[in-house]
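As structure tokens, the structure follows; a few thoughts come after it.
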Amino acid sequence: MPIQSRITGLGFHVPPRTVTNHDLEKVMDTNDAWIVERTGIRERHFVDPGTGSSDLGVEAARKALADAGRTSADVDFVIFATTTPDWMFPGNGVIVQQQLGLGTVGALDVRNACSGFVYALSVADAFVRMGRYRCVLVIGAEVQSTGLDLTTRGRDMAVLFGDGAGAAVVEPCEAPRGILSWALHSEGALAKELWCEAPSSREAGRVTHEMLDAGRQFPQMNGRQVFKNATTRFPEVIHEVLAASGHTLDQVKLIVPHQANRRIGDAVAERLGVAPERVFQNIERYGNTTAASIPIALTEARAQGLVNDGDLIVLAAFGAGFAWAGCVIRW
Ligand code: COA
């Protein structure tokens, strides 16, 4: 039997502070009705000062390990996906290694934004399938709130994002179970349609006063361009990974997409021709948590009884880069 890899444990963690749309109305010119209608988001979680994305990731990782029935001693590799690391360097992977007491295992950092978790999962799958590692901890975690322009100037971005973390334990298994196929894509020509320029190695001192005054340390987005590309790339990559694994859409129990926007999720369901309830969405309570959104959604979907042994599950992501990715799993 060929060795495959499968997710043996899942967990997520969000900071306790809930920020509703009405809370945002107090700091910028926005309103609950606009946010709900355009995005489906009602609330998100923000960290309190001093908490970094590694802290959230460590909590999610502890839960995923417990869920898998594993301890720190079992982990032989860590992959940490985040666009919002605690520091410029080193990456968050080594912080997790130290916090969880993982000996001197390797720690890899992934920066593919909203697609980061699927990119990281594909690396874990490859390492496990080649027989190199047997218990890989894959984490997606973000603290977006400290990097948002929480004023009217930044409202188009600020209302979308939230903080959180999700994690998965990836271990060997025998076919036909496990991760069956994945696909990874990017289109750097559109990088500046969704990006954050500063701090930048192109600038002496990495960030200048002019940059700060102009708000170039905050993420910028062409919302319509993102929407248009996302609603094309999601269905495209879902069809691609299903063709690669030899399945059809009607065999899929649940699609768990990156939670960018409820309207994007609804449009993807419509374009695929699947019932909306087969596309899992929990964005209304978390906002867009970037690399954390898929593992948070997958953990919740399983807790709700929507992901069971034998089910065919599709993960799909799209975001900054643009980068997008998909993955088929036999649970
Ligand atoms: N509250 C109230 N009004 C807002 C607002 C906010 N938070 N943000 C923008 N507006 C205003 C705009 O200023 C604009 O006003 P104007 O018509 O007076 O100029 C109006 O609302 C419409 O803005 P527009 O950008 O045209 O809205 P839209 O219909 O394109 O919706 C998004 C904006 C961001 C919701 C939509 O483009 C989208 O969902 N894009 C994808 C975003 C995404 O998922 N990004 C993450 C990808 S991983």
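Indexing begins at 1, ligand by ligand and atom by atom, following the structure's order.
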**Message:** When you measure from atom 28 (P) of ligand 1 to the protein, is at least one non-hydrogen atom found at a distance under 4.0 Å?
**Reply:** yes
**Prompt:** What atoms in ligand 1 come closer than 4.0 Å to a heavy atom of Ile264?
**Reply:** 44 (O)
**Contacting atoms of ligand 1, where contact means under 4.0 angstrom from a heavy atom of Phe318** = 48 (S)
**Message:** If the cut-off is 4.0 Å to any non-hydrogen atom of Val226, which atoms of ligand 1 fall inside it?
**Reply:** 41 (C), 43 (C), 45 (N), 47 (C)
**Prompt:** Going by distance alone, is a donor N or O of one side chain under 3.5 Å from an acceptor N or O of the other, for Asp163 and Ser145?
**Reply:** yes
**Prompt:** When you measure from atom 38 (C) of ligand 1 to every protein heavy atom, which one gives the shortest distance, and what is it?
**Reply:** Asn261 ND2, 3.6 Å
**Fill in**
Exactly one candidate in Thr289, Thr290, Thr84, Asn288 meets side chain to side chain donor-acceptor pair (under 3.5 Å) with Glu142; the answer is Thr84
**Message:** Closer than 4.0 Å and a protein heavy atom, does any atom meet both conditions relative to atom 32 (C) of ligand 1?
**Reply:** no
**Request:** Give a yes or no on whether atom 6 (C) of ligand 1 lies under 4.0 Å from any heavy atom of the protein.
**Result:** yes
**Message:** Students often mix this up, so state it plainly: with edges at 30° and 60°, are the rings of Phe77 and Tyr133 parallel, tilted or perpendicular?
**Reply:** parallel
**Message:** Counting only heavy atoms closer than 4.0 Å, does ligand 1 sit against the backbone of Thr290, its side chain, both, or neither?
**Reply:** neither
**Prompt:** Any luck finding a side-chain donor-acceptor pair between Arg262 and Asn282 under 3.5 Å?
**Reply:** no
**Asked** Are Met157 and ligand 1 in contact, using a heavy-atom cut-off of under 4.0 Å?
**Response** no
**Atom pair OG (Ser245) and CG (Leu180), whose distance is rounded to the nearest 0.5 Å** = 5.5 Å
**Message:** Just to confirm my output: which protein heavy-atom neighbour is closest to atom 8 (N) of ligand 1, and how far is it?
**Reply:** Trp34 CH2, 3.3 Å
**Asked** Any idea which atoms of ligand 1 are less than 4.0 Å away from a heavy-atom of Asp156?
**Response** 8 (N)
**Request:** Please state whether the rings of Trp324 and His185 are parallel, tilted or perpendicular, taking 30° and 60° as the class boundaries.
**Result:** parallel
**Prompt:** Is Met28 touching ligand 1 with its side chain, its backbone, both, or neither, if touching means heavy atoms under 4.0 Å apart?
**Reply:** neither
**Distance-only donor-acceptor check, side chains Asp55 and Gln99, under 3.5 Å** = no
**Between Asp23 and Thr20, a side-chain donor and acceptor under 3.5 Å** = yes
**Prompt:** Same cluster for Val105 and Ile139 if Ile/Leu/Val/Met/Phe/Trp/Tyr side chains link at under 4.5 Å?
**Reply:** yes
**Asked** Is there a donor in the side chain of Thr30 and an acceptor in the side chain of Glu25, or the other way round, less than 3.5 Å apart?
**Response** no
**Request:** Output yes when the distance from some N or O of ligand 1 to some N or O of Thr30 is under 3.5 Å, and no in every other case.
**Result:** yes
**Request:** Return the residue, atom name and 0.1 Å-rounded distance of the protein heavy atom closest to atom 36 (C) of ligand 1.
**Result:** Arg263 NH2, 3.9 Å
**Prompt:** Is the closest protein non-hydrogen atom to atom 19 (O) of ligand 1 under 4.0 Å?
**Reply:** no
**Request:** Pick whichever of Ala33, Pro219, Ala260 has a heavy atom sitting closest to atom 44 (O) of ligand 1.
**Result:** Ala260
**Message:** To check your reading of the model: name the closest protein heavy atom to atom 30 (O) of ligand 1, its residue, and the distance in Å.
**Reply:** Arg224 NE, 3.2 Å
**Prompt:** Which of these passes side chain to side chain contact (heavy atoms under 4.5 Å, CB included) with His247: Leu312, Val241, Val252?
**Reply:** Leu312
**Protein residue, atom and distance nearest to atom 41 (C) of ligand 1, heavy-atom basis** = Gly223 O, 3.5 Å
**Message:** Show me which atoms of ligand 1 lie under 4.0 Å from any heavy atom of Asn288.
**Reply:** 46 (C), 48 (S)
**Request:** If you have a sec, work out which protein heavy atom is nearest atom 45 (N) of ligand 1 and how many Å separate them, to one decimal?
**Result:** Met221 SD, 3.2 Å
**Message:** Has Asn261 got a side-chain atom pairing as donor or acceptor with Arg38's backbone, closer than 3.5 angstrom?
**Reply:** yes
**Asked** Are more than 12 heavy atoms from other residues, nucleotides or ligands located less than 6.0 Å from atom CD of Gln251?
**Response** yes
**Prompt:** Considering only the protein, which heavy-atom contact is closest to atom 48 (S) of ligand 1, and what is its distance?
**Reply:** Cys114 SG, 3.2 Å
**Item:** Atoms in ligand 1 with a heavy atom of Val159 nearer than 4.0 Å
**Value:** 7 (N)
**Request:** Would you mind finding which of Arg262, Glu193, Arg155, Arg38 brings a heavy atom closest to atom 12 (C) of ligand 1?
**Result:** Arg155
**Prompt:** Can you find a protein heavy atom closer to atom 25 (O) of ligand 1 than 4.0 Å?
**Reply:** no
**Asked** Can you find an N/O atom of Thr39 closer than 3.5 Å to an N/O atom of ligand 1?
**Response** no
**Request:** Kindly work out whether a path of hydrophobic side-chain contacts (I/L/V/M/F/W/Y, heavy atoms less than 4.5 Å apart) joins Met130 to Leu184.
**Result:** yes
**Item:** N or O contact, Asn31 vs ligand 1, cut-off under 3.5 Å
**Value:** no
**Request:** Using a 4.5 Å cut-off on heavy atoms from C-beta on, say whether the side chain of Val307 contacts that of Leu254.
**Result:** yes
**Request:** Under 4.0 Å, heavy atoms only, figure out whether ligand 1 is touched by the backbone of Ile35, its side chain, both or neither.
**Result:** neither
**Asked** Is it true that the side chains of Ser5 and Asp125 contain a donor and an acceptor less than 3.5 Å apart?
**Response** yes
